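Not measured: the values here are computed from a predicted model.
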Amino acid sequence: MRLKTVIGVLLTAIMLFPVYWMVNVSLTRDTDMRADPPHLFPLNGTFEGYRAVLDQQLPYLINSLLIGLGTVALTVVLSAPAGYSLAKLRPRGGGGLSFVLLVAQMIPSIIMAMGFYAIYLRLGVLNSTAGLILADSTIAVPFGVLIFTAFMSGVPDELTAAATVDGAGPFRTFWSVILPVSRNAIVTVSLFAFLWAWSDFMFATTLDGGGTQQPITLGIYHYIGNNNQQWNAIMATAVVASIPATLLLIVAQRYVAAGVTAGAVKD
């Protein structure tokens, strides 16, 4: 048992070392950046990189936050009713629709980005926040429908039957009965939708490469291109951009575990 613990700690340290090195470089002075051998600790550390983040990267962070929250809202609004329909109303062709949603998640994002570019160019909605929200939602919605379907399938039919007896229609049953007990699924879908939108680069660089509402992924990309010697500022931006996702994962991990495994075991 002790050997397994040691191996686990070593593997964890190896996986987390890139994160540590990112923090280390973000605190290292430019003059120490090319030291040989490299410093394992930020000797004579500096916060110049983080000051650069506050001066230059805050607009990108705010844009990413707006895009992430918009993607979450649109994903939940579309996928929750769809999951309820597949799980409880069981429409004709529901199995085929679930298969199509599964296949949709396998389409490479570059192909979807090219398709969106042609559509957005014709509609005149390139370089817009709404366009990125819609594009990011196409990745999250199929996943959300599958998660909601699996979770809501586990909700006892007696609950929906009781609501029907009391005179509730399908929408009222969904809103007042099913949705309140689907908290784990809502948190799971919202978290993954936000993370996908927050870390998106392909849609951002294709659909908003020349706009003024660019997300943090493009902010880091442009920053590297223009200041490729200031690695502490680049890494500081990466550290700051990682904080929201890390906090969300820590807060929502128990809900995510329950939401992802919902429907995996049937009584």
(message) Does R172, at its CZ atom, have more than 12 non-hydrogen atoms belonging to other residues, nucleotides or ligands within less than 6.0 Å?
(response) no
(request) Please check if atom CZ in F47 has more than 12 non-hydrogen atoms from other residues, nucleotides or ligands closer than 6.0 Å. (result) no
Parallel under 30°, tilted from 30 to 60°, perpendicular over 60°: which one fits the rings of [X] and [Y]?
X    : Y    : result
F201 : Y221 : perpendicular
W196 : F143 : perpendicular
F194 : W198 : parallel

(message) So if I apply the side-chain contact (heavy atoms from CB on, under 4.5 Å) rule between F148 and each of I178, L86, I186, which one comes out positive?
(response)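 The side-chain contact (heavy atoms from CB on, under 4.5 Å) with F148 is passed solely by I186 among I178, L86, I186.
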Side chain to side chain, [X] and [Y], heavy atoms closer than 4.5 Å:
X    : Y    : value
L207 : L126 : yes
V145 : L78  : no
S85  : R90  : no
K88  : F174 : no

(request) Determine yes or no for a side-chain-to-main-chain donor-acceptor pair under 3.5 angstrom, with N63 supplying the side chain and Q214 the backbone. (result) yes
(message) Strictly distance-based, threshold 3.5 Å: is any side-chain N or O of S128 a donor or acceptor partner for the main-chain N or O of G131?
(response) yes
(message) Assigning hydrophobic clusters by single linkage (Ile, Leu, Val, Met, Phe, Trp, Tyr; side-chain heavy-atom cutoff under 4.5 Å), is Y60 placed with I62?
(response)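 Different clusters: Y60 never reaches I62 through Ile, Leu, Val, Met, Phe, Trp or Tyr contacts under 4.5 Å.
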(request) Give a yes or no on whether W175 and L89 share a hydrophobic cluster (residues Ile, Leu, Val, Met, Phe, Trp, Tyr; joining criterion: side-chain heavy atoms under 4.5 Å apart). (result)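 Result: yes, single cluster for both.
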